[in-house]
Each structure stands twice: as structure tokens, then as C-alpha cells.
Amino acid sequence: MTAKGFQGAAAYDGTGALKMAEVEVPARKKRFLRKKPKGKKEDTAQSAVSLLDRSAQWTVPGAVLAILAVALVVVVTLASYAQLVMVNDQVVALRSDLSELQSEETQLKAQYELAYDLQEIEQQLLSSGQMMKAQSWQTYTLELAEPDAVEYYQGSDFVQQLTSFAKNLVTAVKEYF
């Protein structure tokens with residue numbers, strides 16, 4: 001309290017602490033662990049201590065079970081780590097095999113390209129008559145409106161058109177019957 005707030009009160013000494021006439025002890029909260037039979041009355045403090053003593057004791061089967069559980073976790077962890085190491089080694093080996101195969105692929109592609117001389121093949125096919133050079137009268141039409149469809153129209157004379165029509169007619173009759 002300050003001297004300004006109340007008239008007739010003592011002046012504030014600056015300590016801010018309350019002065020108590022007697023030592024106050026906070027009251028204990030009562031815990032009800034379980035109901036006791038009416039014939040027996042035990043002190044609640046003694047019953048809480050006895051309950052803690054009973055729960056803190058390990059039994060032999062419980063201790064063995066806990067040790068076995070910890071041992072099982074350790075064994076499973078070590079087995080998983082061993083599998084991880086083995087898989088990692090396999091990945092490293094497969095990656096080295098992959099790099100070797102890629103270099104071999106590059107070498108084989110180079111050998112393949114050297115084995116076939118396209119100009120020589122063209123000269124042989126032209127000289128044998130199996131292939132002919134494109135002439136200026138040949139027209140190639142690419143229809144770009146439809147995707148993935150290219151039609152090649154080759155100019156032909158009347159006799160070729162008549163023979164192809166006859167072949168198509170015979171094929172259609174065979175399919176019908």
C-alpha cells in the first residue's frame with residue numbers, strides 16, 4: 001500500500017513483502033487411492049508409501065520379459081542394419097555394372113555406324129535397280145491435320161491403276177464370300 005492511496009495508513013517501506021503473523025502451511029490434498037474396508041483404518045500417508053513400494057518392485061518374470069524385449073529389439077535392429085549394408089553393396093555393384101554397360105553400348109554403336117556405309121549401300125541399290133532416285137515429277141504429300149498419319153501418293157499410269165483396281169475387287173469378293 002502506498003501513502004497516497006489511504007489516509008492514516010503506514011507509509012510504504014519498499015520491501016513489497018507481506019508480513020505474516022504466523023507461519024502458514026499449505027493444506028495437503030487428500031488422495032483417494034482406493035476405498036478401504038470399514039473395519040480397517042490406515043493412515044493415508046502409510047498406504048501411499050506401501051502402494052509405491054509394491055509397484056516399484058520387479059518380479060523375476062517381469063524382469064526376464066523386459067530383458068528379452070530389449071534383446072529382441074537389439075537383434076532386429078542389427079539384422080536390419082546388416083540387410084541395409086548388403087543392399088547398399090548390391091546397389092554400388094549394379095551402378096558400376098551400369099556404367100560399364102553404358103560405355104560398351106557407346107563402343108558398339110560406334111562400331112555399328114562404321115560397319116555400314118550408307119553411301120555404298122545407296123550406290124549398290126541404285127545400280128541393281130531396287131532403288132531409284134526421286135524424280136522431280138514424284139510428289140510427296142504430308143497431311144499434318146491428322147496426327148500420326150502420313151500417306152504416300154505415287155503417280156502411276158492407267159495400266160497400273162487398272163491392275164490395282166482388279167486386285168482390290170478380287171480381294172473384296174473373296175472377303176465377302
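Side chains are part of it too, since the values below use all heavy atoms of this structure and drop only hydrogens, waters and symmetry mates. Predicted model, so just to flag it, every value in this text is computed and none were measured.
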Which pairs would a plain distance check flag for residues 95-110, meaning a side-chain donor or acceptor within less than 3.5 Å of a matching protein atom at least two apart in sequence or in another chain?
{"from": "Ser96", "atom 1": "OG", "to": "Ala93", "atom 2": "O", "distance (Å)": "2.7"}
{"from": "Ser99", "atom 1": "OG", "to": "Ser96", "atom 2": "O", "distance (Å)": "2.7"}
{"from": "Ser103", "atom 1": "OG", "to": "Glu100", "atom 2": "O", "distance (Å)": "2.7"}
{"from": "Thr106", "atom 1": "OG1", "to": "Gln102", "atom 2": "O", "distance (Å)": "3.0"}

Quick one: side chains of residues 162-176, donor-acceptor pairs under 3.5 Å with protein atoms, not counting sequence neighbours, listed by atom name and distance.
{"from": "Thr163", "atom 1": "OG1", "to": "Val159", "atom 2": "O", "distance (Å)": "3.2"}
{"from": "Thr163", "atom 1": "OG1", "to": "Gln160", "atom 2": "O", "distance (Å)": "2.9"}
{"from": "Ser164", "atom 1": "OG", "to": "Gln160", "atom 2": "O", "distance (Å)": "3.3"}
{"from": "Ser164", "atom 1": "OG", "to": "Gln161", "atom 2": "O", "distance (Å)": "2.9"}
{"from": "Asn168", "atom 1": "ND2", "to": "Ser164", "atom 2": "O", "distance (Å)": "3.3"}
{"from": "Thr171", "atom 1": "OG1", "to": "Lys167", "atom 2": "O", "distance (Å)": "2.8"}

Please output the side-chain donor-acceptor pairs of residues 79-91 that fall under 3.5 Å, not counting sequence neighbours, one pair per line with the distance.
{"from": "Ser80", "atom 1": "OG", "to": "Val76", "atom 2": "O", "distance (Å)": "2.9"}

message = Membership question, hydrophobic clusters at under 4.5 Å side-chain separation (ILVMFWY): are Ile121 and Leu114 in the same one?
response = no
inquiry  = Using the rule side-chain contact (heavy atoms from CB on, under 4.5 Å), only one of Leu78, Leu72, Thr77 pairs with Val74; which is it?
reply    = Leu78
ask   = Can you tell me how far the CD atom of Gln123 sits from the OG atom of Ser128, to the nearest 0.5 Å?
value = 11.0 Å
